[in-house]
Number of protein chains: 2
Amino acid sequence: MAERNFSVGNTLVKLLDEKKYFSLRDVLTTMNPADIAAVFDELDESRLPLMFRLLPKELAAETFVEMEPDSQELLIRGFSDSELKEVIDELYVDDAVDVVEEMPANVVQRILAQAEPEMRKQINEILRYPEDSAGSIMTTEYVSLRPAMTVEEAILRIRRTGIDKETIYTCYVTHGHKLIGLVTVKDLLLCEDDEATIESIMQEHVIAVNTLDDKEQVAQMFSKYNFLALPVVDTEFRLVGIVTFDDAMDVMEDEATEDIEKMAAMLPSEHPYLRSSPFEIWRNRMPWLLLLMISATLTGYVITRFENALTFLPCLTAFIPMLMDTGGNSGSQASVTIIRSISLGEIEFRDILRVMWKEIRVAVLCALVLAAACFGKVMLIDHLLLGDQTVTPMVALVVSLSMAVTVCVAKLIGCTLPLLAKKIGFDPAVMASPLITTIVDFLSLLVYFRFAVAILGLHSA
Amino acid sequence: MAERNFSVGNTLVKLLDEKKYFSLRDVLTTMNPADIAAVFDELDESRLPLMFRLLPKELAAETFVEMEPDSQELLIRGFSDSELKEVIDELYVDDAVDVVEEMPANVVQRILAQAEPEMRKQINEILRYPEDSAGSIMTTEYVSLRPAMTVEEAILRIRRTGIDKETIYTCYVTHGHKLIGLVTVKDLLLCEDDEATIESIMQEHVIAVNTLDDKEQVAQMFSKYNFLALPVVDTEFRLVGIVTFDDAMDVMEDEATEDIEKMAAMLPSEHPYLRSSPFEIWRNRMPWLLLLMISATLTGYVITRFENALTFLPCLTAFIPMLMDTGGNSGSQASVTIIRSISLGEIEFRDILRVMWKEIRVAVLCALVLAAACFGKVMLIDHLLLGDQTVTPMVALVVSLSMAVTVCVAKLIGCTLPLLAKKIGFDPAVMASPLITTIVDFLSLLVYFRFAVAILGLHSA
């Protein structure tokens with residue numbers, strides 16, 4: 001895809017520079033708005049407004065929506081008031097809200113000034129909802145029907161008003177603003193009796209979300225129920241808007257990215273990677289790096305406490321990385337699995353005992369295999385191959401036992417911490433690999449040295 | 001949601017046990033198929049078939065599709081041939097394929113024997129496509145129109161044949177099986193001239209995917225273009241099926257889960273966590289744990305080589321975990337960011353120089369701050385607070401310098417490995433944290449001891 005945009009981009013720029021505007025327009029109108037936007041985002045300040053003005057009105061608005069905020073701002077600043085009005089009039093309310101949210105205050109004022117009063121009112125309404133709520137991603141442009149309408153009347157109403165609606169395929173039936181049912185266009189078209197009332201063919205028991213529901217939960221409902229759209233209601237079940245599947249898809253993708261970033265000890269990014277400045281990326285990565293570095297002091301402290309043992313039997317030091325890494329990996333496997341399951345709504349806090357029981361069995365299986373492999377590895381590689389005579393079978397035993405205990409502890413901590421975090425209202429994703437690793441490092445070395453002292457008869461400092 | 005299913009589940013079981021079948025059926029028909037399936041999946045063998053038989057035909061099929069494979073198999077084994085036929089006749093082809101793919105051979109034979117010849121043919125056709133291809137997730141039930149039809153004829157055709165189609169909202173225009181355009185039901189309904197031909201109102205330049213395209217790429221196109229459905233064509237642009245947005249959503253979710261699992265050193269899971277046996281989970285987690293454990297030998301070997309230095313200045317050992325962890329975290333931040341961007345189609349191999357230049361700048365910023373913080377931490381905590389007099393400013397310098405170099409190396413390796421993996425046809429997600437950590441561990445200790453030898457004048461073994 002990107003490959004193709006690149007070459008198409010070059011062609012378009014060449015046509016523009018050669019002032020072949022008619023051909024340029026012809027090429028642009030064969031393209032999808034998302035693809036045009038990808039090309040436009042790469043254009044420089046001098047070419048972008050010129051090329052944008054070549055687009056037919058509707059395509060211009062569709063492309064505008066798909067562009068990056070910087071390019072949108074650039075365009076708006078160059079627009080005359082009437083040009084701006086033309087673009088805004090073509091936008092759906094929720095897309096207009098998305099644009100407004102990304103712009104600086106003076107640009108927002110210009111946009112609102114040019115919007116029709118009705119649209120301005122709706123934009124302001126949606127902007128009032130909290131950032132991650134269903135209300136903030138909904139649109140107020142939906143088709144509503146009255147229960148007493150006939151199928152024929154309903155189809156007529158759709159034909160008359162549908163042009164401005166984000167989707168016409170799911171229509172909502174309201175009575176005094178209360179949501180009482182839904183009909184799909186499929187139901188309407190396939191209904192054999194044109195005189196049937198909407199009330200008689202509508203689906204009751206409509207699944208709806210509240211304006212304040214978390215948008216992540218809303219996105220999950222889409223993937224569970226395969227809806228095209230989901231109605232958003234207030235506390236009295238009055239219909240205030242709808243969320244469409246394309247917005248839910250964006251939320252799903254963004255939330256997965258955010259989880260992945262948090263799991264790798266980063267703050268969530270605002271922009272795509274190639275559009276983020278090094279400073280921005282640095283700011284998102286620094287806090288956790290610093291915190292985890294400082295907290296590794298604890299692990300270092302364990303080593304200091306057992307310095308004597310290490311001086312007496314230096315070969316013990318060489319096994320520290322293996323123990324730490326395996327512990328960390330075991331723990332993050334468990335934590336990442338649980339975090340993802342929580343995100344997908346498959347696991348909740350009340351499953352904690354089931355989860356722990358499962359992880360204990362997995363941990364024991366893993367621990368047995370790893371300990372055996374570890375014993376074999378130490379004796380074969382370190383003792384025989386590398387010929388370190390201080391690596392006795394007893395040393396191998398200490399390392400393997402520590403390995404087994406570390407793996408079990410790591411898996412248990414890994415599966416419980418995210419669930420506990422969720423319970424007390426923290427983000428489970430933060431309890432992922434890096435934090436678990438730090439905790440497990442500390443514990444694994446503690447176990448290791450305790451075993452060394454007990455089994456090999458060494459003394460701590 | 002799950003909370004609600006739980007209590008609803010209890011109510012339904014109570015009604016069943018009290019033989020209040022009419023009320024039970026009334027409650028079931030108010031529910032959404034996905035919610036009924038969630039309850040049914042928790043039922044035991046004796047209750048499940050009984051309750052399933054209470055569902056009206058269409059709802060039964062819709063519920064069946066949403067159930068877990070084990071429960072589906074249980075039901076099929078209990079079905080008479082005519083019951084089985086009834087359910088299968090109600091299924092969409094792509095859903096039938098999903099069921100067939102999960103069943104053992106003898107159950108598959110029974111299903112195919114009961115399916116109508118036309119459906120059997122289509123199931124077999126879809127089954128022939130490779131596992132992760134667009135062909136394997138498509139359905140063959142779509143509305144196709146001819147270019148010479150009028151709008152009125154097209155609407156009539158939809159009304160007549162639409163009942164069996166997975167979506168009627170996007171209709172495809174074909175000429176001799178070749179895909180030449182598309183019309184949406186919205187276009188048809190909003191068209192003011194009933195006598196207009198499809199050819200005159202259709203959108204040409206249809207974006208389509210090939211049967212063999214990767215399904216992940218297909219899902220990405222949905223989130224990019226906001227399509228309801230995407231046509232699947234063969235190499236000669238003949239229309240063979242469509243993929244609908246709900247299947248694309250499932251793919252998106254599955255692929256994100258798979259990436260996350262791979263990034264945490266696991267093989268992709270087949271079933272949801274709570275439905276996987278401990279043995280299955282163990283099997284997915286063991287290979288990488290074992291491999292990474294063995295490869296930590298390399299890091300251990302570095303330590304052995306510098307054992308003398310450590311014996312001479314034991315306090316150096318205490319900083320090993322901090323260096324290893326910070327290096328690992330820095331590397332995985334970079335690799336995870338790049339892997340996710342590759343998955344979302346934002347970055348490709350040809351961006352490698354841009355990526356490296358960005359990461360170098362981020363790395364230098366991170367390295368400066370971390371090295372400074374590290375120097376301060378070592379002098380304040382280890383030297384002053386813990387009073388270790390062997391921790392001199394020169395030692396702190398060695399640690400900080402090693403830290404800075406490690407962070408830079410880690411970020412560079414972290415950003416390049418996934419792109420290189422992609423280039424040579426490997427899965428970038430495998431190049432994530434755990435593998436990077438192992439490589440960075442090795443390098444960080446090598447740097448550390450080299451600096452120690454050079455600056456503190458220690459000798460290696």
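The basis for the numbers below is simple: all heavy atoms, side chains too, and nothing from hydrogens, waters or symmetry mates. Quick note on labels: first sequence line is chain A, next is B, and so on, each numbered from 1.
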Checklist entry - So how far is it from Ile320(B) CD1 to Ile303(A) CD1, rounded to the nearest 0.5 Å? => result 6.0 Å

Item to check | Interface residue of largest heavy-atom contact number with chain B, from Lys358(A), Lys377(A), Gln220(A), under 4.5 Å | outcome: Lys358(A)

Checklist outcome for this item: Looking only at Met266(B), Met322(B), Met403(B), most heavy-atom pairs under 4.5 Å shared with chain A are made by Met266(B)

Checklist entry - So, for Tyr273(A) and Ser341(B), which heavy atoms are closest and what is the spacing to 0.1 Å? => result CB-OG, 3.6 Å

Item to check | Between Ser223(B), Pro278(B), Ala248(B), the one whose heavy-atom pairs under 4.5 Å with chain A are most numerous | outcome: Pro278(B)

Item to check | Region of Arg159(A) in contact with chain B, defined by heavy-atom distances below 4.5 Å | outcome: both

Checklist entry - Which heavy-atom pair separates Ser332(B) from Ala264(A) by the least distance, and what is that distance? => result O-CB, 4.3 Å

Next on the checklist: Taking side chain as everything from C-beta outward and backbone as N, CA, C, O, which of these in Leu292(B) sits under 4.5 Å from a heavy atom of chain A? Side chain, backbone, both or neither.
Outcome noted: side chain

Next on the checklist: Rounded at 0.5 Å granularity, tell me how far CD in Glu346(B) sits from OG1 in Thr257(A).
Outcome noted: 7.5 Å

Checklist entry - Pick from Leu365(B), Asp246(B), Thr317(B), Thr326(B): which one has the most heavy-atom pairs with chain A under 4.5 Å? => result Leu365(B)

Item to check | Any side-chain heavy-atom pair of Asp35(B) and Lys224(A) under 4.5 Å | outcome: yes

Item to check | For chain B, the option from Ala219(A), Ser295(A), Ala334(A) that forms the most heavy-atom pairs under 4.5 Å | outcome: Ala334(A)

Next on the checklist: Heavy-atom pairs under 4.5 Å with chain B - which of Ala296(A), Cys315(A), Ala318(A) has more of them than the others?
Outcome noted: Ala318(A)

Item to check | Ile158(B) side, atom CD1; Leu189(A) side, atom CG - distance, nearest 0.5 Å | outcome: 6.5 Å

Checklist entry - Which bit of Leu188(B) comes within less than 4.5 Å of chain A, counting heavy atoms only: side chain, backbone, both or neither? => result backbone

Item to check | Interchain contact, Asn226(A) with chain B, by part (heavy-atom threshold 4.5 Å) | outcome: both

Checklist outcome for this item: chain A shares the most heavy-atom pairs under 4.5 Å, among Leu274(B), Asp441(B), Asp351(B), with Leu274(B)

Item to check | Working for side-chain contact (heavy atoms from CB on, under 4.5 Å), residues Thr304(A) and Leu386(B) | outcome: CA-CA 10 Å; Thr304(A) 312; Leu386(B) 302 179; 5.7 Å; no

Item to check | Closest-packed option against chain A by number of heavy-atom pairs under 4.5 Å, given Thr299(B), Asp325(B), Ile281(B), Asp259(B) | outcome: Asp325(B)

Item to check | For chain B, the option from Glu359(A), Glu192(A), Gln203(A), Arg160(A) that forms the most heavy-atom pairs under 4.5 Å | outcome: Glu359(A)

Item to check | Option in Glu261(A), Lys411(A), Arg275(A) with maximal non-hydrogen atom pairs under 4.5 Å from chain B | outcome: Lys411(A)

Checklist entry - So do the side chains of Leu344(B) and Glu253(A) get within less than 4.5 Å of each other, counting heavy atoms only? => result yes

Checklist entry - Of the backbone (N, CA, C, O) and the side chain (C-beta and beyond), which part of Ile381(A) lies under 4.5 Å from a heavy atom of chain B, both, or neither? => result side chain

Checklist outcome for this item: Of Asp247(A), Leu445(A), Thr167(A), Val369(A), the largest count of non-hydrogen pairs under 4.5 angstrom with chain B goes to Val369(A)

Checklist entry - Which answer fits Arg285(B), side chain, backbone, both or neither, if we ask what part of it has an atom under 4.5 Å from a heavy atom of chain A? => result both

Checklist entry - Can you check whether Ile260(B) reaches Thr337(A) side chain to side chain, under 4.5 Å on heavy atoms? => result no

Item to check | Region of Leu298(B) that comes under 4.5 Å of a non-hydrogen atom in chain A | outcome: neither

Next on the checklist: Please classify the contact of Met293(B) with chain A as side chain, backbone, both or neither, using a heavy-atom distance under 4.5 Å.
Outcome noted: both

Next on the checklist: At a 4.5 Å cut-off on heavy atoms, which part of Leu290(A) comes close to chain B: side chain, backbone, both, or neither?
Outcome noted: both

Next on the checklist: Give me the atom names and distance for the closest heavy-atom approach of Phe222(B) to Met249(A).
Outcome noted: CB-CE, 3.9 Å

Next on the checklist: Can you tell me which portion of Phe319(A) sits under 4.5 Å from chain B's heavy atoms? Options are side chain, backbone, both or neither.
Outcome noted: neither

Checklist entry - Out of Phe442(B), Phe279(B), Phe245(B), Trp288(B), which one racks up the most heavy-atom pairs below 4.5 Å with chain A? => result Phe245(B)

Item to check | Residue pair Leu368(B) / Trp282(A), side-chain heavy-atom distance below 4.5 Å | outcome: no

Item to check | chain A contact via Val364(B) - side chain, backbone, both or neither, heavy atoms under 4.5 Å | outcome: neither

Item to check | Per-residue contact mode, Val302(A) against chain B (heavy atom under 4.5 angstrom) | outcome: neither

Checklist entry - Just checking, is any N or O donor in the side chain of Tyr225(A) or Glu66(B) under 3.5 Å from an acceptor N or O on the other one? => result no

Checklist entry - Is it the side chain or the backbone of Ala37(A) that comes within 4.5 Å of chain B heavy atoms, both, or neither? => result neither

Checklist entry - Checking Tyr301(B) against chain A: side chain, backbone, both or neither under 4.5 Å from a heavy atom? => result side chain

Checklist entry - With only heavy atoms counted, which part of Ser276(A) is less than 4.5 Å from chain B, the side chain, the backbone, both or neither? => result backbone

Item to check | Engaged part of Cys374(B) at the chain A interface, taking heavy atoms whose separation is under 4.5 Å | outcome: both

Checklist entry - Quick one: does Lys186(B)'s side chain get under 4.5 Å of Tyr169(A)'s, heavy atoms only? => result yes

Checklist outcome for this item: Separation between OG1 (Thr437(B)) and CE (Met324(A)), nearest 0.5 Å, reads 10.0 Å

Checklist entry - Tell me, side chain or backbone of Ile360(B) under 4.5 Å from chain A's heavy atoms, or both, or neither? => result neither

Checklist entry - Considering only heavy atoms, which portion of Leu228(A) lies under 4.5 Å from any heavy atom of chain B: side chain, backbone, both, or neither? => result both

Item to check | Proximity breakdown for Thr297(B) and chain A, heavy-atom pairs closer than 4.5 Å | outcome: both

